[in-house]
There are 2 protein chains.
Amino acid sequence: MPLDLRPSDALGLWHAATLEHVRVIGPDLTIRQLAILLHIYLAPPPHTVRGLAAMLGVTKPVITRALDTMGHMGLVRRVRDERDRRNVIIKRTVEGALFVEKLGDIIIAEGRKLSLSEGSGA
Amino acid sequence: MPLDLRPSDALGLWHAATLEHVRVIGPDLTIRQLAILLHIYLAPPPHTVRGLAAMLGVTKPVITRALDTMGHMGLVRRVRDERDRRNVIIKRTVEGALFVEKLGDIIIAEGRKLSLSEGSGA
DNA sequence: CTGCATCATTTCGGAACCGAATTATACTGA
DNA sequence: TCAGTATAATTCGGTTCCGAAATGATGCAG
């Protein structure tokens with residue numbers, strides 16, 4: 001069952017939730033970092049630097065730097081792959097899970113406040 | 001009619017659309033800038049620096065800098081308020097409208113791809 | 001017309017991010 | 001063992017953003 005949003009609804013939700021995101025969470029996360037974080041927490045592991053870089057269409061240093069920053073915030077954790085010690089496996093943390101959950105709460109709350117245009121199904 | 005999203009749906013949509021945002025649009029917009037842009041295009045005018053700053057809970061230089069950047073990208077336009085020449089009115093542009101529309105397309109497309117969890121209405 | 005209030009902008013030092021190129025480490029196959 | 005390949009991390013110069021404070025421009029009240 002797909003989610004069929006109308007343009008005004010989609011943008012309205014984005015508007016409200018992004019606004020609340022800035023208000024509650026602040027400027028401490030770029031869009032790239034947010035995309036990386038969500039992917040780590042929502043897509044099935046394992047996650048590697050190389051895989052994330054390919055996923056987003058960015059270079060590997062972008063991922064490394066984002067992991068530095070988010071690691072320092074406690075949102076993710078790096079672990080060497082013992083099978084192939086060249087690889088780094090990115091692990092989730094409790095703090096990161098809470099962060100993602102809070103973001104979900106914001107989206108849900110703003111979605112609930114929205115008055116959706118309805119009826120135009122035809 | 002509110003939009004009642006479940007956590008996995010809300011975050012799934014955010015995940016997919018943010019990922020696509022990074023892939024298509026790139027890093028040239030911060031979350032704050034995005035929030036400002038969406039507010040300008042979705043909330044009724046007029047928009048002032050002061051109003052936007054209060055809305056987002058940030059200082060005015062943040063807005064000024066964001067308008068510099070987005071103005072340079074052609075996404076917004078500044079006009080002096082002739083009634084009170086201390087004020088700056090932020091106007092929309094064709095290019096900005098196209099940008100917002102494109103973002104809406106991304107969200108709608110990703111929403112349509114989602115398989116929503118359903119039935120849990122109770 | 002003079003002082004005060006209210007706009008937006010600019011400046012400052014510090015931090016983060018950007019892309020591109022380079023480095024360091026580890027695996028692989030001859 | 002010894003290239004050759006693949007991984008992540010680091011360095012480089014330049015740009016942008018950050019918050020806080022200072023500046024400039026305009027309006028307002030006496």
Side-chain angles (χ1 to χ4, degrees), chain A residues 18-19 21-40 45-91 99, chain B residues 18-19 21-40 45-91 99:
Chain A
T18 304
L19 220 102
H21 179 149
V22 170
R23 274 197 286 242
V24 172
I25 297 176
D28 291 340
L29 223 52
T30 68
I31 291 190
R32 280 178 166 181
Q33 288 167 356
L34 180 61
I36 293 168
L37 190 70
L38 287 174
H39 191 73
I40 291 169
H47 301 291
T48 65
V49 172
R50 173 180 159 70
L52 292 171
M55 167 77 44
L56 287 162
V58 302
T59 59
K60 281 184 284 189
V62 169
I63 306 296
T64 295
R65 280 188 296 251
L67 293 180
D68 287 346
T69 302
M70 294 192 294
H72 192 265
M73 294 185 207
L75 300 180
V76 298
R77 190 163 50 91
R78 275 190 257 226
V79 177
R80 274 281 163 203
D81 182 357
E82 290 303 332
R83 310 267 193 177
D84 182 341
R85 293 184 52 75
R86 290 172 301 180
N87 290 330
V88 164
I89 307 295
I90 295 99
K91 297 282 195 179
F99 181 98
Chain B
T18 303
L19 221 101
H21 180 149
V22 170
R23 274 198 285 241
V24 172
I25 295 175
D28 292 340
L29 222 50
T30 69
I31 292 190
R32 282 179 165 182
Q33 288 166 355
L34 180 61
I36 294 168
L37 190 70
L38 285 174
H39 191 74
I40 291 169
H47 301 291
T48 65
V49 172
R50 173 179 159 69
L52 293 170
M55 168 76 42
L56 288 162
V58 301
T59 59
K60 281 185 285 187
V62 169
I63 306 296
T64 295
R65 282 187 294 249
L67 293 180
D68 287 345
T69 302
M70 294 192 293
H72 192 265
M73 294 185 207
L75 300 180
V76 298
R77 192 163 49 92
R78 274 191 259 228
V79 176
R80 273 282 162 200
D81 181 358
E82 289 304 330
R83 310 265 194 180
D84 182 340
R85 295 186 50 78
R86 288 173 303 179
N87 292 329
V88 164
I89 307 295
I90 295 97
K91 298 282 194 177
F99 182 97

Under 4.0 Å between a side-chain N/O of [X] and OP1 or OP2 of [N], yes or no?
X       : N      : answer
B:Arg80 : C:dT9  : no
B:Arg32 : D:dC18 : yes
A:Thr69 : C:dC17 : yes
A:Arg78 : D:dA9  : yes
A:Gln33 : C:dC17 : yes
B:Arg50 : C:dC7  : yes

If I take atom [atom1] in residue [X] and atom [atom2] in nucleotide [N], what distance separates them, rounded to the nearest angstrom?
X       : N      : atom1 : atom2 : result
B:Asn87 : C:dA5  : CG    : P     : 18 Å
B:Arg86 : D:dT26 : CZ    : P     : 11 Å
B:Asp68 : D:dC18 : CG    : C1'   : 15 Å
B:Asp28 : C:dC18 : CG    : P     : 10 Å
A:Leu67 : D:dA8  : CG    : C1'   : 10 Å
B:Leu52 : C:dT9  : CG    : P     : 11 Å
A:Ile89 : D:dT7  : CD1   : C1'   : 12 Å
A:Ile31 : D:dC17 : CD1   : C1'   : 14 Å

Exercise. Quick one: which residue pairs count as a ring-ring contact (aromatic ring centres under 6.0 Å, His included) with a foot in residues 45-88 of chain A, not counting sequence neighbours?
Key: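 Every ring-ring contact (aromatic ring centres under 6.0 Å, His included) pair that includes a residue of residues 45-88 of chain A, provided the two are not neighbours, is A:His39-A:His47.
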
[X] side chain: which of [options] is closest?
X       : options               : result
B:Arg85 : D:dG27, C:dA26, D:dA9 : D:dG27
A:Pro27 : D:dG19, C:dT9, D:dC17 : D:dG19
B:Val62 : D:dA8, D:dG19, C:dA8  : D:dG19

Exercise. Find which nucleotide of DNA chain C each of B:Ile63 and A:Ala66 is nearest to by heavy atoms, and output the residue with the more 5' nucleotide.
Key: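 Here B:Ile63 is the residue nearer the 5' end.
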
Quiz item: Start at the 5' end of DNA chain C and walk down; is the nucleotide closest to A:Pro61 or to A:Arg83 reached first?
Solution: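 Nearest-nucleotide comparison on DNA chain C picks A:Pro61.
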
Quiz prompt | Salt-bridge present (A:Asp84, A:Arg86; N to O < 4.0 Å) | solution =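 Salt bridge present between A:Asp84 and A:Arg86.
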
Quiz item: Can you find a donor-acceptor N/O pair under 3.5 angstrom joining the side chain of B:Arg65 to the base of D:dG19?
Solution: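 Answer is yes: a donor-acceptor pair is held.
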
Exercise. Could you tell me whether a side-chain N or O of B:Arg32 sits under 3.5 Å from a main-chain N or O of B:Ile63, the two making a donor and an acceptor?
Key: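 Checked: no pair found.
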
Quiz item: With no hydrogens and no angle check, is any side-chain donor or acceptor of A:Arg77 less than 3.5 Å from a backbone partner on A:Lys91?
Solution: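 No; zero donor-acceptor contacts below 3.5 Å.
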
Exercise. Would you mind reporting whether B:Ile31 and A:Thr30 have side-chain heavy atoms less than 4.5 Å apart?
Key: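 The answer is no; the side chains never approach within 4.5 Å.
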
